[in-house]
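Along the sequence shown, residues are numbered consecutively beginning with 1. Computed from a prediction, not measured in an experiment: that's the story for all the values here.
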Amino acid sequence: MEAKDIHQLLVNRFHDRIKDFQENTFPNAVVVDGSSIVEVCGFLKNEPGMEFTSLISISGVDLKEQSKLMVAYHLGSMQHKHKIVLKVETDRNNPHVPTIEMLWRGANWYEREAYDLYGIIFDGNSDLRRILLPDDWEGYPMRKDYVYPKRYHTWNV
(Lines give C-alpha, C1' and ligand atoms only; values in the text may rest on other atoms or scores of the structure.)
Protein backbone atom coordinates (compact mmCIF):
# COMPACT_ATOMS: atom_id res chain seq x y z
CA MET A 1 0.00 0.00 0.00
CA GLU A 2 1.33 3.45 -0.89
CA ALA A 3 1.77 6.15 1.74
CA LYS A 4 -0.90 8.35 0.14
CA ASP A 5 -3.38 5.45 0.47
CA ILE A 6 -2.45 5.04 4.15
CA HIS A 7 -2.87 8.79 4.62
CA GLN A 8 -6.36 8.67 3.08
CA LEU A 9 -7.30 5.72 5.28
CA LEU A 10 -6.17 7.69 8.34
CA VAL A 11 -8.13 10.78 7.26
CA ASN A 12 -11.26 8.64 6.80
CA ARG A 13 -10.80 7.15 10.25
CA PHE A 14 -9.46 10.09 12.30
CA HIS A 15 -10.73 13.09 10.29
CA ASP A 16 -9.25 16.42 11.45
CA ARG A 17 -6.79 14.73 13.82
CA ILE A 18 -4.72 14.03 10.69
CA LYS A 19 -3.13 17.40 9.97
CA ASP A 20 -1.11 17.01 6.78
CA PHE A 21 0.49 14.68 4.27
CA GLN A 22 4.08 15.39 3.22
CA GLU A 23 4.95 13.87 -0.14
CA ASN A 24 8.35 15.54 -0.34
CA THR A 25 9.87 13.29 2.32
CA PHE A 26 11.15 9.72 2.08
CA PRO A 27 9.28 7.82 3.20
CA ASN A 28 6.25 10.09 2.94
CA ALA A 29 4.97 11.47 6.23
CA VAL A 30 1.60 11.99 7.87
CA VAL A 31 1.34 14.80 10.43
CA VAL A 32 -0.86 13.73 13.35
CA ASP A 33 -2.38 15.74 16.19
CA GLY A 34 -0.22 14.93 19.22
CA SER A 35 -3.12 13.93 21.42
CA SER A 36 -4.07 11.22 18.90
CA ILE A 37 -0.69 9.58 18.34
CA VAL A 38 -1.43 6.57 20.58
CA GLU A 39 -4.74 5.88 18.89
CA VAL A 40 -3.30 6.32 15.37
CA CYS A 41 -0.30 4.11 16.12
CA GLY A 42 -2.55 1.47 17.68
CA PHE A 43 -4.74 1.50 14.57
CA LEU A 44 -1.74 1.15 12.25
CA LYS A 45 -0.34 -1.69 14.32
CA ASN A 46 -3.53 -3.69 14.76
CA GLU A 47 -5.78 -2.97 11.79
CA PRO A 48 -5.98 -5.88 9.34
CA GLY A 49 -4.20 -4.84 6.16
CA MET A 50 -1.92 -2.42 8.02
CA GLU A 51 0.01 -4.53 10.55
CA PHE A 52 2.79 -2.01 11.20
CA THR A 53 4.38 -4.36 13.69
CA SER A 54 7.82 -2.76 13.47
CA LEU A 55 8.72 0.51 15.17
CA ILE A 56 11.88 1.34 13.24
CA SER A 57 12.80 4.49 15.17
CA ILE A 58 11.61 7.60 16.95
CA SER A 59 13.51 10.81 16.27
CA GLY A 60 13.36 14.30 17.71
CA VAL A 61 13.67 17.40 15.53
CA ASP A 62 14.11 21.01 16.62
CA LEU A 63 11.87 23.38 14.65
CA LYS A 64 13.28 26.43 16.40
CA GLU A 65 12.00 28.90 13.78
CA GLN A 66 8.44 27.72 14.52
CA SER A 67 9.08 27.51 18.29
CA LYS A 68 8.23 23.79 18.14
CA LEU A 69 9.80 20.40 18.55
CA MET A 70 8.77 17.46 16.41
CA VAL A 71 8.74 13.73 17.00
CA ALA A 72 9.01 11.49 13.93
CA TYR A 73 7.87 7.87 14.22
CA HIS A 74 9.18 5.52 11.51
CA LEU A 75 6.94 2.48 11.16
CA GLY A 76 7.22 -0.57 8.96
CA SER A 77 5.13 -3.57 8.09
CA MET A 78 7.20 -6.63 7.29
CA GLN A 79 4.07 -8.51 6.29
CA HIS A 80 2.89 -5.92 3.74
CA LYS A 81 6.28 -4.30 2.95
CA HIS A 82 5.02 -0.75 3.49
CA LYS A 83 6.52 2.08 5.50
CA ILE A 84 5.25 5.36 6.84
CA VAL A 85 6.46 8.22 8.98
CA LEU A 86 4.15 9.85 11.48
CA LYS A 87 5.05 13.31 12.74
CA VAL A 88 3.81 15.07 15.84
CA GLU A 89 4.61 18.68 16.69
CA THR A 90 4.76 19.98 20.24
CA ASP A 91 5.43 23.31 21.90
CA ARG A 92 9.18 23.93 22.24
CA ASN A 93 8.77 25.48 25.70
CA ASN A 94 6.46 22.79 27.07
CA PRO A 95 7.14 19.69 24.96
CA HIS A 96 4.78 16.89 25.98
CA VAL A 97 3.78 13.90 23.84
CA PRO A 98 2.03 10.72 25.00
CA THR A 99 4.20 7.61 25.13
CA ILE A 100 3.59 4.78 22.68
CA GLU A 101 5.54 2.38 24.86
CA MET A 102 2.45 0.22 25.42
CA LEU A 103 2.34 -0.54 21.68
CA TRP A 104 6.03 -1.21 21.01
CA ARG A 105 8.26 -1.88 24.04
CA GLY A 106 11.28 -0.59 22.11
CA ALA A 107 9.69 2.86 22.12
CA ASN A 108 10.95 3.23 25.68
CA TRP A 109 14.57 3.60 24.55
CA TYR A 110 13.81 5.88 21.58
CA GLU A 111 11.66 8.13 23.78
CA ARG A 112 14.41 8.29 26.38
CA GLU A 113 16.88 9.31 23.67
CA ALA A 114 14.57 12.08 22.41
CA TYR A 115 14.09 13.23 26.00
CA ASP A 116 17.82 13.19 26.66
CA LEU A 117 18.81 15.11 23.55
CA TYR A 118 15.77 17.37 22.92
CA GLY A 119 13.95 17.54 26.26
CA ILE A 120 10.74 16.06 24.85
CA ILE A 121 8.66 14.65 27.70
CA PHE A 122 6.80 11.46 26.84
CA ASP A 123 3.88 11.36 29.24
CA GLY A 124 3.39 7.88 30.66
CA ASN A 125 6.85 6.54 29.76
CA SER A 126 7.79 4.03 32.47
CA ASP A 127 11.42 5.11 32.78
CA LEU A 128 11.94 8.60 31.35
CA ARG A 129 15.49 9.43 32.35
CA ARG A 130 18.66 10.24 30.48
CA ILE A 131 20.10 7.42 28.42
CA LEU A 132 23.20 8.90 26.72
CA LEU A 133 24.28 11.75 28.98
CA PRO A 134 25.00 11.78 32.72
CA ASP A 135 22.00 12.35 35.00
CA ASP A 136 23.30 15.76 36.09
CA TRP A 137 23.96 17.06 32.55
CA GLU A 138 22.24 20.39 32.01
CA GLY A 139 20.21 21.12 28.90
CA TYR A 140 19.46 19.27 25.70
CA PRO A 141 22.40 19.23 23.26
CA MET A 142 20.44 18.60 20.04
CA ARG A 143 18.45 21.81 20.39
CA LYS A 144 19.62 24.46 17.98
CA ASP A 145 20.16 27.06 20.69
CA TYR A 146 22.10 24.75 23.03
CA VAL A 147 25.37 26.21 24.29
CA TYR A 148 27.90 23.53 25.10
CA PRO A 149 29.51 23.96 28.51
CA LYS A 150 33.24 24.46 28.65
CA ARG A 151 33.55 22.15 31.61
CA TYR A 152 31.67 19.24 33.12
CA HIS A 153 32.71 18.78 36.73
CA THR A 154 36.52 18.75 36.51
CA TRP A 155 36.77 17.83 32.80
CA ASN A 156 37.10 20.06 29.77
CA VAL A 157 34.30 19.42 27.31
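- Taken to the nearest 0.5 Å, the CG atom of Asn125 stands 4.5 Å off from the CG atom of Asn108.
- A distance of 11.0 Å separates CG in Leu44 from CD in Glu39, rounded to the nearest 0.5 Å.
- Here Asp116 pairs with Arg130 in a salt bridge; the nearest charged N to carboxylate O distance falls below 4.0 Å.
- In the hydrophobic clustering of ILVMFWY residues, with side-chain heavy atoms under 4.5 Å counting as a link, Ile58 and Ile84 come out together.
- In this model, a donor atom of one side chain and an acceptor atom of the other lie less than 3.5 Å apart for Tyr152 and Asp136.
- From Ile100, atom CD1 reaches atom CZ of Arg105 across 14.0 Å, with rounding to the nearest 0.5 Å.
- Tested against Met1, the residues His80, Lys81, Met50 include a single side-chain contact (heavy atoms from CB on, under 4.5 Å) partner, Met50.
- Using a 4.0 Å cut-off between charged nitrogen and carboxylate oxygen, Glu89 and Lys19 do not count as a salt-bridge pair.
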For Glu111 and Trp109: C-alpha separation, side-chain torsions, deciding distance, then whether side-chain contact (heavy atoms from CB on, under 4.5 Å) applies.
CA-CA 5 Å; Glu111 290 175 354; Trp109 287 69; over 6 Å; no
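- Separating the CG atom in Asp123 from the CD1 atom in Ile120 is a distance of 12.0 Å, to the nearest 0.5 Å.
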Full working for salt bridge (Lys or Arg N to Asp or Glu O under 4.0 Å) between Asp127 and Arg112
CA-CA 8 Å; Asp127 189 19; Arg112 286 179 61 190; 3.5 Å; yes
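- Side-chain heavy atoms closer than 4.5 Å link hydrophobic residues (I, L, V, M, F, W, Y) into clusters, and following such links, even through other members, never connects Leu117 to Met70.
- A single hydrophobic cluster is not seen to contain both Ile56 and Leu103; linkage of ILVMFWY side chains at heavy-atom distances under 4.5 Å, directly or through other members, places them apart.
- With hydrophobic clusters built from ILVMFWY side chains whose heavy atoms lie under 4.5 angstrom apart, Leu132 shares a cluster with Phe122.
- Between Phe52 and His82, the distance from one ring center to the other falls under 6.0 angstrom.
- Within 6.0 Å of the CD atom in Glu2, the count of heavy atoms belonging to other residues, nucleotides or ligands does not exceed 12.
- Arg129 and Asp135 are not joined by a salt bridge, as no carboxylate oxygen comes within less than 4.0 angstrom of a charged side-chain nitrogen.
- Within a 6.0 Å sphere centred on CH2 of Trp137, heavy atoms belonging to other residues, nucleotides or ligands number more than 12.
- In this structure, Lys150 places its NZ atom where only 12 or fewer heavy-atom neighbours from other residues, nucleotides or ligands lie under 6.0 Å away.
- Residue-environment remark: CD (Glu138) stays at or below the threshold of 12 foreign heavy atoms within 6.0 Å.
- Using a 3.5 Å distance cut-off with no hydrogens or angles, the side chains of Glu51 and Ser77 do not pair a donor with an acceptor.
- Residues Val61 and Leu69 are not in side-chain contact: their nearest non-hydrogen atoms beyond the backbone lie 4.5 Å or more apart.
- Residues Phe14 and Val32 are not in side-chain contact: their nearest non-hydrogen atoms beyond the backbone lie 4.5 Å or more apart.
- When only modelled atom types and interatomic distance are considered, His7 and Asp5 share no side-chain donor-acceptor pair under 3.5 Å.
- In summary, the side chains of Ser126 and Glu101 do present a donor paired with an acceptor at a separation below 3.5 Å, with no hydrogens or angles considered.
- Side-chain atoms of Lys87 do not come within 3.5 Å of backbone N or O of Tyr73 as any donor-acceptor pair.
- Under the 4.5 Å side-chain contact rule for hydrophobic residues, Leu63 and Val85 do not share a cluster.
- Using a 4.5 Å heavy-atom cutoff, the side chains of Leu75 and Trp104 are in contact.
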Taking it one step at a time, do Arg92 and Asp62 satisfy salt bridge (Lys or Arg N to Asp or Glu O under 4.0 Å)?
CA-CA 8 Å; Arg92 197 170 190 274; Asp62 187 351; 2.8 Å; yes
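- Between Ser59 and Val71, the closest side-chain pair of non-hydrogen atoms is not below 4.5 Å.
- Dense packing is recorded around CZ of Arg151, with more than 12 heavy atoms of other residues, nucleotides or ligands lying under 6.0 Å away.
- Using bins of under 30°, 30° to 60° and over 60° for the plane-to-plane angle, the ring pair Trp155/His153 lands in the perpendicular bin.
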